[in-house]
Amino acid sequence: MSQTHALKQDTPAPQSAAAPTPDLAALKNRQHAAWSSGDYAVVGTTLQIVGEQLCEALDLRAGQKVLDVAAGNGNASLAAAHRWCDVVSTDYVPNLLERGRARASAEGLTIEFKEADAEALPFADGTFDAVVSTFGVMFTPNQNQAASELLRVCESGGKIGLANWTPGGFVGHMFKTIGKYTPPPAGVKSPALWGTRGRLVEMFGPAAISIETEPRNFNLRYRSAEHFLDVFKTYYGPMLKAFAALDEAKRDGLKDDLHDLIARMNQADDGTMVVPSEYLEVVVTKR
């Protein structure tokens, strides 16, 4: 069920005890290397429907200025352009921007592609009517800074639309499984926190008129569990890097654990893979 959260009702969650201070710059470098490896576009194109649904949730109108942050190969960018918006698509991986550019060209869409860091967007305050990100900005090391940048470049009364994997969904569990073998640095907040209302209120509440959230499922459809793992180990940077960092025994253990996870959640009974993965669709209206 959709939830709407008004600013005057916000009660920020209490802060936890001081955690170790992570080296966010070093983490960003490692993440950049991960997302630059493989070819995320192979996975990204399967998620196009999420960008379309997010643009509908935002009720985008023709002629609005839309920024796609951590756009990958441009799912939300294309979706906004399908609605005749003026779109700028940004990512810090140039190869992914090239893949987005090729998709836009094939569809005859006019989109501006620009290399940019989600934590330091090169745009003036209040430039855009809407700012979007599908499974992108949630992976930034400095979550508060990234949220601040989304708010800064969005105009007053504008909207921020996000699609974020939840901790309890398949992808959330997949990252937890990977984390058993390649633990994240101490003190780093989980990307899946972007898929929780509490964290969203912490980051956006003080600057928001409202925060609307809608849990949704995206069905991961592959030929089989083995096909899914082959695709993700080859093209999905974080998983590719995780397997590359492990010795043979641990690689086998991770593969077995991921197979078990898929088996528990697979709804297909014909040998293929149909695994629902929960994400949170978010619409923030800026004060």
Side-chain angles (χ1 to χ4, degrees), residues 1-2 34-35 37-57 70 72-76 78-79 96 133-139 161-184 190-197 199 213-244 246 250-282:
M1 176 178 293
S2 177
W35 292 113
S37 65
D39 187 355
Y40 174 75
V42 173
V43 174
T45 53
T46 68
L47 301 166
Q48 181 61 41
I49 192 173
V50 176
E52 300 290 344
Q53 290 175 330
L54 181 61
C55 287
E56 283 300 296
N73 61 318
N75 287 337
L78 268 65
L96 290 177
S133 185
T134 56
F135 312 125
V137 72
M138 66 177 290
F139 291 103
L162 306 170
N164 301 324
W165 300 119
T166 64
F170 172 79
V171 173
H173 283 292
M174 182 182 78
F175 275 106
K176 290 175 187 175
T177 302
I178 294 172
K180 288 167 50 182
Y181 292 85
T182 56
S190 168
L193 289 174
W194 284 76
T196 65
R197 281 193 59 84
R199 182 69 179 127
T213 57
E214 180 75 33
R216 294 191 180 276
N217 273 316
F218 173 80
N219 289 316
L220 293 157
R221 298 176 183 270
Y222 285 79
R223 296 188 180 101
S224 63
E226 193 66 37
H227 177 227
F228 170 84
L229 289 175
D230 285 344
V231 169
F232 269 63
K233 287 191 299 179
T234 304
Y235 300 111
Y236 191 69
M239 190 177 291
L240 184 160
K241 288 292 189 180
F243 273 95
L246 301 174
K250 289 183 177 179
R251 285 198 298 269
D252 289 342
L254 175 56
K255 184 176 180 180
D256 289 345
D257 285 352
L258 290 170
H259 266 293
D260 290 344
L261 174 63
I262 293 168
R264 291 197 304 272
M265 301 187 73
N266 193 7
Q267 295 189 346
D269 58 4
D270 57 0
T272 66
M273 173 179 157
V274 180
V275 171
S277 188
E278 185 183 60
Y279 70 93
L280 198 64
E281 182 183 84
V282 182

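We use all heavy atoms of the structure for the numbers below, so side chains are in, but hydrogens, waters and symmetry mates are not.
Other residues, nucleotides and ligands contribute more than 12 heavy atoms inside 6.0 Å of the NZ atom of Lys233. By the neighbour-count criterion of 12 heavy atoms within 6.0 Å, atom CZ of Phe243 is densely surrounded, having more than that number from other residues, nucleotides or ligands.
Proximity of Pro238 to Trp35: side-chain heavy atoms (C-beta onward) are separated by under 4.5 Å at one or more points. Side-chain contact between Leu47 and Thr134: absent, with no pair of heavy atoms (C-beta onward) separated by less than 4.5 Å. For the pair Thr196 and Leu280, the minimum side-chain heavy-atom distance is 4.5 Å or more. In this structure, the side chains of Tyr236 and Met174 come closer than 4.5 Å at one or more pairs of heavy atoms. Side-chain atoms of Lys241 and Thr182, non-hydrogen and from C-beta on, never get closer than 4.5 Å to each other.
The OG1 atom of Thr213 sits 11.5 Å away from the CG atom of Leu162 when rounded to the nearest 0.5 Å. Atom-to-atom distance recorded for Met239:CE and Thr177:OG1 is 9.0 Å, nearest 0.5 angstrom. The distance from atom OH of Tyr181 to atom CG of Leu254, rounded to the nearest 0.5 Å, is 6.0 Å. The structure places CE of Met273 at 5.0 Å from CG of Leu220, a figure rounded to the nearest 0.5 Å. Atom CZ of Arg199 is separated from atom CG of Asn164 by 11.5 Å, given to the nearest 0.5 angstrom. In this structure, Thr45 OG1 and Leu78 CG are separated by 11.0 Å, a value rounded to the nearest 0.5 Å.
Considering only residues two or more places apart in sequence or on other chains, Glu52 meets the side-chain contact (heavy atoms from CB on, under 4.5 Å) condition with Gln48, Ala79, His82, Arg83. Annotation: ring pair (Phe, Tyr, Trp, His ring centres under 6.0 Å) contacts of Phe228 (sequence neighbours excluded): Phe170, Tyr222, Phe232. Every residue two or more places apart in sequence or in another chain that forms a ring pair (Phe, Tyr, Trp, His ring centres under 6.0 Å) with Phe175 is listed here: Phe139. Ala263 pairs by the side-chain contact (heavy atoms from CB on, under 4.5 Å) definition with nothing, not counting sequence neighbours.
For the residue pair Ile262 and Ala225, the shortest heavy atom distance occurs at CG2-CB, 3.8 Å. Residue Ser277 comes nearest to Val171 through the heavy atom pair OG-N, 3.1 Å, listed as atom of the first residue, atom of the second, then distance. Thr46 approaches Phe218 most closely through the heavy-atom pair O-CZ, 3.0 Å. In terms of heavy atoms, Gly237 sits closest to Ser37 at CA-OG, 3.5 Å. Pairing each heavy atom of Pro276 with each of Val274, the nearest pair is CD-O, 3.7 Å. For the pair Asp230 and Thr234, the tightest heavy-atom approach, listed with the atom from each and the gap, is O-OG1, 2.7 Å.
Here side chain to side chain donor-acceptor pair (under 3.5 Å) pairs that include residues 165-176, with residues two or more places apart or in two chains, are Thr166-Glu278. Residue pairs meeting the salt bridge (charged side-chain N to carboxylate O under 4.0 Å, His left out) criterion with at least one partner in residues 257-271, sequence neighbours excluded, are Lys180-Asp257.
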Does the side chain to side chain contact (heavy atoms under 4.5 Å, CB included) test come out yes or no for Leu229 and Lys255, once each step is laid out?
CA-CA 8 Å; Leu229 289 175; Lys255 184 176 180 180; 4.1 Å; yes
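Asn75 contributes no side-chain N or O that, together with a main-chain N or O of Val50, makes up a donor-acceptor pair within less than 3.5 Å. Using modelled atom types, no side-chain atom of Asn219 and backbone atom of Arg221 make a donor-acceptor pair closer than 3.5 Å.
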